[in-house]
There are 2 protein chains.
Amino acid sequence: MPAIRRADEKLRDVSRRMILDRTASLLVRQGYGTTSLRDIAQACDMKAGSLYYHFESKDALVEEILTEGVNRVESAVQKALDAMFDAAPLDRVRVAMEVHLRTLHDRSDYASAHIRCFSHVPDDMRRRLRRTRRSYDAVWAGLLEAAQAAGDIAADVDLLTLRFAIIGMLNWTLEWRLPSGAGPEEMADRFYRIAFQGACNA
Amino acid sequence: MPAIRRADEKLRDVSRRMILDRTASLLVRQGYGTTSLRDIAQACDMKAGSLYYHFESKDALVEEILTEGVNRVESAVQKALDAMFDAAPLDRVRVAMEVHLRTLHDRSDYASAHIRCFSHVPDDMRRRLRRTRRSYDAVWAGLLEAAQAAGDIAADVDLLTLRFAIIGMLNWTLEWRLPSGAGPEEMADRFYRIAFQGACNA
DNA sequence: GTCTATAAAGTGATAGAC
DNA sequence: GTCTATCACTTTATAGAC
């Protein structure tokens, strides 16, 4: 009966995925400490005890979501970059901004849950998440170094500050309602224009 | 005995202020939901019940902190702007960035507590805080409009996007360790250079 | 002004029925 | 796989002693 077993596993995975999805959404809105297992269970049309069939603790569930949040952004950005490996360095930066912002505002809440909850999860979880982040940080450091080496970013611009600035303006969009009519791609283009041409230059 | 009454009131105010200070610090590190009254009491060398002499509820205490957080930033920025009312529009913007960032990173944690906890406090509190924010938002909207009207910001730059970008890069610095050696003022200057001259231009 | 004691409700987690 | 029932603990908040 491998077919039946496979069907069972698939059903289990579907439930598991639903729990992850809905918990991510709760974490974005309520934060880590304010979201209880009973809240989560209710959002999943379940009872709190049933969650332990799928996850061994609240923190294991939360950590899986926040980890997947970074990984989704990194792999989306990396995939887009791989498809344009020979493009101009600044074009690669612009695309990375677009994909980062689009992933942050897509229908799933994994990336936003990470951003909203990172600083308030227990210390040991945050330590592990920091390690997961490093790989994505390296992608950005490499992008900006390449652009500066090519002479496309002024030599006197500090790349760490520039990285802070770009990631900061992108991530902070979670705190606003984006202007209606301007999707993530349009917003990313406007941010790119500001950060690289500057607001002063026509 | 008005002297004695005044001394009593002063002592009461000192305790109250200490509670506010230390709770702000806890809120930054632990978030709204994870910070309990026992945590707060312990940080104040008190017992939980004693806090109710000074504040009528946990939420009243938290709301006072987060409200003061915005107000401190706004009045610091407004005071600096008042002292240079005839300066060039972009100089006023640069100073506003510096004061905003300096207040965010000063020894007290009111402003950072606001930023870190805003999205996770109860709905009705957040609604009131949003109203408090509006006044500060208007300061920035005015600053940028004046600069664009003077021709110092390119006509095709969307001012709402620019405001998102500036506030975003400034507030996001709470999530990084600032480069050692670069204080808030230095960082604000670098951000100003990026946002207004652009990273491309030497 | 701070304490102790306690109420009333909520928390993460486990055991065992189905 | 989900339920019910429950444990042990924590939570906000109150009452009354000092």
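Quantities reported herein were computed from a predicted structural model and do not represent experimental measurements. Every chain is numbered from 1 and lettered A, B, ... according to where its sequence line falls, protein lines coming before strand lines.
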Within this structure, what is the CG-to-P distance between A:Leu51 and D:dT2, rounded to whole angstrom?
9 Å
Check the distance between C:dG12's C1' and A:Phe55's CZ and give it to me in whole angstrom.
16 Å
Separation of B:Met18 atom CE from C:dT2 atom P, in whole Å?
7 Å
Partner residues of B:Ala150 under the side-chain contact (heavy atoms from CB on, under 4.5 Å) criterion, sequence neighbours left out:
B:Pro89, B:Asp152
Between atom OH in A:Tyr52 and atom P in C:dG12, what is the gap in whole Å?
7 Å
Per the ring pair (Phe, Tyr, Trp, His ring centres under 6.0 Å) rule, what does the pair list look like for residues 110-134 of chain B, sequence neighbours excluded?
B:His114-B:Phe118
Among C:dT2, C:dT14, D:dT12, which nucleotide sits nearest the side chain of B:Lys58?
D:dT12
Residues within residues 26-49 of chain B bordering DNA chain C, heavy-atom distance below 4.0 Å:
B:Met46, B:Lys47
Taking only residues at least two apart or on different chains, which pairs with a member in residues 67-104 of chain A satisfy ring pair (Phe, Tyr, Trp, His ring centres under 6.0 Å)?
A:His100-A:Tyr136
Enumerate the side chain to side chain donor-acceptor pair (under 3.5 Å) contacts for residues 42-62 of chain A, please, sequence neighbours excluded, ordered by first and then second residue.
A:Tyr32-A:Asp59
Short side-chain N/O contact to D:dG1 OP1/OP2 from A:Ser50, under 4.0 Å:
no
Just the rounded figure in Å: distance from C1' of D:dG1 to NZ of A:Lys10.
18 Å
Any side-chain donor near an acceptor of the partner, B:Ser25 and B:Arg29, under 3.5 Å
yes
B:Tyr53 has a side chain; which of D:dA13, C:dA13, C:dT2 sits nearest to it?
C:dT2
OP1 or OP2 of D:dT2 less than 4.0 angstrom from a side-chain nitrogen or oxygen of A:Ser15, does that happen here?
yes
By the side chain to side chain donor-acceptor pair (under 3.5 Å) test, which pairs, at least two apart or in different chains, include something from residues 79-88 of chain B?
B:Gln78-B:Asp82
Nearest whole angstrom, please: distance from the C1' of C:dG1 to the CD1 of B:Ile19.
10 Å
